[in-house]
Amino acid sequence: MNANKNEFRTPYWRVVGTIAWKDLRAEIRGREMVTSMMLFAAISVMIFSFALELDDQAQQETVSGVLWVTIAYAGTLGLGRSLSAEKDKGSLDALLIAPISRSALFYGKMLGNLLFTTAVGILMMALLTILFNINLFLPLLLLVVILGCLGFSATGTLVASMSVYARAREVLLPILLLPIVLPVIISATRSSVAIITELGTEDWLPWIQLLIFIDIGYMALAFFLFDFIVEE
Amino acid sequence: MEYSSQRTAWLTILTYVSIGLVIASAIMILAYARPEQVQGNAQKLFYIHLGTFFGSFVLFGAAVFAGIQYLRTRHNRWDDLGLASIEVGLIFSLVTIVSGAAWARPIWNTWWTWDPRLTTVAVMWLTYAAYLMLRAGIEDPDRRRRFAAVYGILAFSSVIFTVIIIRVRPDTIHPVAAGPTLSETDVTGAFDMTPRIVQTLLFSIFTYVLVSIIITWHRIRLENRAHQVQQRKVNLLMNT
């Protein structure tokens, strides 16, 4: 019986890939989310660079803070859209009816959000390199951006799938998400500061290790909890 | 479900016991434990600080347990436990933060500083405040209970982060009362514990953990009453 049921199930990783690919394609055609996230990010950087008129030394120390605050806010903006579009058009229900594993659905959505957030992160790196006149294109920093965005989209997708059901969901999402995601932001910011100011390995390695640990923890937690959020 | 009179009697007895314990621990803090040599009487806040922290820690842990149990059994009483323990835990951790700030004023010469420990505990508080916002924002009762259970489990990550941060960050100035730490030299306000201080500390931790459990129990009973009133209203409307 069970074996029969499994025959009609789409393989796990194909589901993950298909859902992420679907989000990506919809985004390439509609260009709704990434455009608004990137515009928002660009405006925030402008505001930051006017609000904090800094000398070179101070710029080097604040640039990673600016990077991560902007990624967090722009990412929250995108997450809200990613899940609410899915729910309002009724496609979330269709996905839930489909004979696929719920956690595969989660990881698919997460992967999509990871791509968009990372795209914003890389754009931010370019913008800050120009506006703050600090070279941010370091391989290690790219790794930190990807790991940070991974933790962000793991918690973000989980929390956003709850907040779409709430009244005033646009307001609720940042309130619910930002405190949960803060461990990710703290360790990402700390390791970025150490990498940008060219400190030794012992200054950034523990933070990257902590970041990886937090990412794995949240992704595992989401694996168990997502089923309960979308059931019905 | 009617609350049995036997349970209420137990709760009443334990309430009086805990009031007695609070008075006893206050006497112990003020009279039995000698003022610490360097910090003087400011150090006495530490008993309440740590006691209420353990209280809120137990309650937030209970919320995780309640969340898991709710998701498994779908019995409403686990949701009541989760809500009650987080509400009371918020008050207890507020006492921890305020007593810490009052202690920090003479010792660190500031009410608040963005030390890793202080930052994470503030974030912990905001996370649990967000839990109440989530509950308020969702109308469907079944979904509210389910989401609250999930978020209650998720929010505990902030507690874990608060507990481990002073043990992994070498740049904190917050003293570590028990367990290993990296930052023995930088800590401001640590002190040697005499036997009397240890006894008073253990006693007040016990007291405040018990008090936190008793208050949560009262809160659950209140929630129970509210459900009863709701049920009676429904019955009344159905009969007319």
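Order of the sequence lines fixes the chain letters, A, B, ..., with proteins taken first and strands second; residue numbering starts at 1 for each chain.
The greatest number of non-hydrogen atom pairs below 4.5 Å with chain A, out of B:Arg144, B:Met124, B:Arg74, is found for B:Arg74. Chain A forms the most heavy-atom pairs under 4.5 Å with one residue out of B:Thr120, B:Val123, B:Thr119, and that residue is B:Val123. Considering only heavy-atom pairs separated by less than 4.5 Å from chain A, the leading option among B:Ala149, B:Ser157, B:Gly137 is B:Gly137. Of all the listed residues (A:Leu158, A:Ile180, A:Ile214), the one sharing the greatest number of non-hydrogen pairs under 4.5 Å with chain B is A:Ile180.
Looking at A:Leu176, the atoms closer than 4.5 Å to chain B (heavy atoms on both sides) sit in the backbone and in the side chain alike. Contacts of A:Leu225 with chain B are made by both backbone and side-chain atoms, with heavy-atom separations under 4.5 Å. A:Phe224 does not touch chain B: none of its heavy atoms, backbone or side chain, sits under 4.5 Å away. For B:Ser158, no part sits under 4.5 Å from any heavy atom of chain A, backbone or side chain. Heavy atoms closer than 4.5 Å to chain B are found in the side chain of A:Leu172, but not in its backbone. At a 4.5 Å heavy-atom cutoff, the contact between A:Val159 and chain B is made by side-chain atoms alone.
Applying the ring-ring contact (aromatic ring centres under 6.0 Å, His included) test to every pair with at least one member in residues 118-155 of chain B, sequence neighbours left out, gives these pairs: A:Tyr165-B:Phe147, B:Phe60-B:Tyr128.
Judged purely by distance below 3.5 Å, without hydrogens or angles, the side chains of B:His227 and B:Asp80 pair a donor atom with an acceptor atom. Checked by atom type, the side-chain pair B:Thr113/B:Trp108 shows no donor-acceptor distance below 3.5 Å. Donor-acceptor pairing under 3.5 Å is lacking for the side chains of A:Ser44 and A:Thr70.
By the side-chain contact (heavy atoms from CB on, under 4.5 Å) test, A:Val120 is found to be paired with A:Met37, A:Met38, A:Ala41, A:Ala74, A:Met124, residues two or more places apart in sequence or in another chain being considered.
Residues B:Leu132 and B:Leu83 meet the side-chain proximity criterion, which asks for heavy atoms closer than 4.5 Å.
Note: B:Trp78 and B:Phe65 meet the aromatic proximity criterion, with ring centroids under 6.0 Å apart.
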